Amino acid sequence: RGLDVSQEAAVATPHAANLEARLAARALGALAGQLLVEDIRCPENQPVKALLERLLTPQISKLLRNARPEELLTALNQNTETATKIWTTDMREELLALTDRVCTQRTDEDGNAVVSLETELGRVGEFKFARLQKELQVGSVYLRLFVSQPNINEIDDPAQLATDLLEHLASHPPLPHTADPAAATEENDEDSNVSVVVRALKALLNVGVGTRDVLAEPGAAVKLLPLLEASLDSCSFTTGLEIWRSLSSFKDFSATLAKEPIVLWRLLRRISISPPVPEPVWSMVEGLCSTNDMVQCLVRCGGILVFLGLLVGNAKMSPAFSGRQGAAHVVSRLLRDPISGPTVSALFVRFLPESFVTSLRDEPMGAVEKFDGEHETPAMIWGANLRKLLRVSLTEQLDAYAAQGGDGHEWSVAYDFKVRYPEIEAELCIGGIYVRLFLKEPTYDLKDPLGFLEQLMLRWIGDSEAQNPANAAEAATDGSAAIVASGSGDTLTAITSAIVYLLKVRAPLTDQIAKWGYVPRIIELLTRALDNELLGTPAVSCLRLIHQIVERAVCVESLIACPQGVLHQILRMLRPTLSRDTAFIIEAIKKLYSSKDSHGYTTLIESALGTGLPTFLVDGVLENPELANVVDPAASKVHTVALLKLLAADPVFGNEINVALDGNPAWRKYKTQSHDLFLTADQKVDYFLTDGNADAPQLLTWSGHAAQTTAPAARLEADKSQAAAAAIPAPAPTPTPAPTPAPALPPAPVPQPSAAA
């Protein structure tokens, strides 16, 4: 532009103008040190290079490095608008006007046309194209155009752009949600620079390769966190949340965040206070908790207590239902994790009952309603008093942490801390089920009946071994005999009742008793109890299980295989003196012999003949004067006659048994009678499950060779009690005269398993 008029006329032809433009482009490239031509390559001149980037825009100025300037000249004569290049005819005219003005001002006061570089550059000043005045440019990218049409093909280094965007956010964060609305500026507007930067970062994350790695680097999370602290109705928050959700599934990001507990604690504080965050935030938090590093960080810095505080409605946290529900889902996710679940569960059971923790893990959707409700079911005991205890204890822990700074530093609950719930600690809880309430409602829909049975049997074996040790001398030393005598076998009795109820309602589970190998243990414990004359709860518990499991063929086969002889051991409870529970014992034998399809059934018949069972049943039971002293003599006769007819009908040994019976004159008056007509529905139930009165007679008081019973009036009182479901033995009563037959008992509050039961 320094030519005079005559010179301009000389280059007016297109060919000459093109030649001058090509030479000028190469000269500019050489001056800036950008031209990549060996023979005229010059050192980089940063001031000139920066000036050319301002005058030609960064993307076009890069074309000065080409030895052939055609691409540069073409770009300067086109209208282009892309994310990395904006050039229009207006900008070209604006640049020409600038060069004319500078050339006019170049001559100094002395008439010299040569000036210093500093003077020349100073005349350009802070020149900026009017077209680019409102364009937000980060690095070499125009963000508005990039957001409208994301395309990384023209971006030289997407990872560097991501870094530049993060730095811009760090220096220009959005207004926090706590800011005064009157002070709102353009940062809150969707068209503000901050919003454009956030949308550009989101677009780059969607299409850029390696952007996630940049955002997962240490220090990146703290620059992204202000997006979640912005006003909930701002574009910065909405788009920022999308960025966080995209990164939450990236394990490297979660692992990096776990190493920055201060940032994590700021995040937890934001989601726990008002205004409540929307549901997608909780989905993002749940995604972040997918790594073990994050879970361990939450445990170390007290983050788990924040979730618990939200769930229970801590007074200092947001009371919004959505927040409490979101916290419940996050906690459920932590509890279900196979790696971190045990650690989180161990912490939660120090605050919540185990049954509630289990429910929270399996059913997060209804956790808040369940927490706020009143419950007394076999699976849960919860109410207003327990909620109050929990909130007070949790508030104390959170306040203790806040007193130490509450900024994410390591902190843990005292090793001996545990919220005490007196109402729950008084209950017998096995496998997460409260036995007392289960006995009241045995048809309750258990989530894991098989697991409950397994836990019951383990506890039953343990309690039985404690009351019936293998070494009788040890029993006298460690006080086991005193336990039985004092009537503290209530727990074993309740456990036995729970097992019986569970098997009555869910009969197929009975097969598991045999598969787990418990049948021989039951017979072993029964034999040991009889040998040690522990004929109270230890022996009765075994008998009750036998009475129930003989309804399944697989268990009968296991009983037959026991070397102690199941029939021999049961008959020991009837000899030499009839037990007061004779009807129950004989019914168990009858059910045993009703399983004719069991393998080894012939062995049972042979055992009956070997023990003289037919003769004993007639002379020792039906014709025994002591029969009037047992519970329900009528039922005893009915079951005895039915058992004798069952034995006599055996296809192999039936004739032999009939000959023996026909030779007994006493049998004639029972042979042709159908005594089932005399057995009412009340007499067909397991009275151990219905007789729960503390004064009711129990087999616990029967020891040695004499059966001691209490007044039969206790049975009448038991009929009036609807609350007692477990067969709780009474303290050792005083002997009384032989009672008259007890009246019939009410049916158990469960479906009857069979007519024989």
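The model shown is predicted, which means the values in this text are computed figures rather than measured ones. Atom set for the values below is all heavy atoms of this structure, side chains included, hydrogens, waters and symmetry mates excluded.
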Say whether, by atom type as modelled, one donor and one acceptor occur between the side chain of [X] and the main chain of [Y] under 3.5 angstrom.
| X | Y | value |
| --- | --- | --- |
| His329 | Met365 | no |
| Asn314 | Lys316 | yes |
| Ser393 | Leu390 | no |
| Arg333 | Val285 | no |
| Glu557 | Gly600 | no |
| Ser636 | Asp632 | yes |
| Lys591 | His547 | yes |
| Tyr421 | Leu389 | no |
| Tyr593 | Leu604 | yes |
| Arg528 | Asn468 | yes |

Heavy atoms only: give me the nearest [X]-[Y] pair and the separation to one decimal.
| X | Y | value |
| --- | --- | --- |
| Cys562 | Pro520 | SG-CA, 3.8 Å |
| Ala400 | Trp411 | CB-CZ2, 4.4 Å |
| Gln325 | Pro364 | NE2-O, 2.8 Å |
| Phe452 | Ile430 | CE1-O, 3.3 Å |
| Ala583 | Val631 | CB-O, 4.0 Å |
| Val306 | Met317 | O-SD, 3.8 Å |

If we only count heavy atoms from C-beta on, is the [X] to [Y] side-chain gap below 4.5 Å?
| X | Y | answer |
| --- | --- | --- |
| Leu446 | Leu502 | yes |
| Asn629 | Arg580 | no |
| Ser595 | Val550 | no |
| Leu437 | Thr377 | no |
| Ile381 | Phe356 | no |
| Leu360 | Leu311 | yes |
| Tyr518 | Ile523 | no |
| Leu428 | Asp490 | no |

[atom1]/[X] to [atom2]/[Y] distance, rounded to the nearest 0.5 angstrom?
| X | Y | atom1 | atom2 | answer |
| --- | --- | --- | --- | --- |
| Gln512 | Cys555 | CD | SG | 9.5 Å |
| Trp282 | Ile271 | CH2 | CD1 | 3.5 Å |
| Gln455 | Leu453 | CD | CG | 10.0 Å |
| Leu592 | Ile560 | CG | CD1 | 6.5 Å |
| Ile499 | Gln548 | CD1 | CD | 10.5 Å |
| Leu456 | Ile513 | CG | CD1 | 9.0 Å |

task = Answer yes or no: does atom CD of Glu354 have more than 12 heavy-atom neighbours from other residues, nucleotides or ligands under 6.0 Å?
result = no
key: NZ (Lys418) with more than 12 external heavy atoms under 6.0 Å   = yes
Is the closest basic N to carboxylate O distance between [X] and [Y] below 4.0 Å?
| X | Y | answer |
| --- | --- | --- |
| Arg521 | Glu465 | yes |
| Arg459 | Asp463 | yes |
| Asp372 | Arg387 | no |
| Arg350 | Asp416 | no |

ask   = Parallel, tilted or perpendicular: which describes the rings of Phe417 and Phe351, with under 30° parallel and over 60° perpendicular?
value =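 Tilted.
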task = Fit a plane to each ring of Trp382 and Phe371, take the angle between them on a 0 to 90° scale, and name the class: parallel (under 30°), tilted (30 to 60°) or perpendicular (over 60°).
result = tilted
ask   = Of the options Leu268, Thr343, Leu347, which is the one that meets Leu298 in a side chain to side chain contact (heavy atoms under 4.5 Å, CB included)?
value = Leu268
query = Checking side-chain contact (heavy atoms from CB on, under 4.5 Å) for the pair Leu545/Leu503: CA distance, chi angles, key distance, verdict?
reply = CA-CA 10 Å; Leu545 293 189; Leu503 299 183; 5.5 Å; no
request  = Carefully, step by step, assess Leu646 and Ser594 under the rule side-chain contact (heavy atoms from CB on, under 4.5 Å).
outcome  = CA-CA 7 Å; Leu646 191 63; Ser594 297; 3.6 Å; yes
request  = Please step through salt bridge (Lys or Arg N to Asp or Glu O under 4.0 Å) for the pair Lys447 and Glu363, ending with a clear verdict.
outcome  = CA-CA 11 Å; Lys447 298 300 180 184; Glu363 299 176 349; 3.0 Å; yes
query = Can Val435 and Thr491 be said to form a side-chain contact (heavy atoms from CB on, under 4.5 Å), step by step?
reply = CA-CA 10 Å; Val435 174; Thr491 299; over 6 Å; no
inquiry  = Regarding Thr395 and Arg391, do their side chains bring together a donor and an acceptor under 3.5 Å, going by distance alone?
reply    = no
Ser318 side chain to Arg324 side chain, donor-acceptor N/O pair below 3.5 angstrom = no
task = Determine, stepwise, if the pair Ser497 / Arg544 fulfils side-chain hydrogen bond (donor to acceptor under 3.5 Å, both in side chains).
result = CA-CA 8 Å; Ser497 296; Arg544 293 180 61 194; 3.0 Å; yes
request  = Show the numbers, then the answer: is there a side-chain contact (heavy atoms from CB on, under 4.5 Å) between Thr510 and Glu551?
outcome  = CA-CA 9 Å; Thr510 309; Glu551 296 182 357; over 6 Å; no
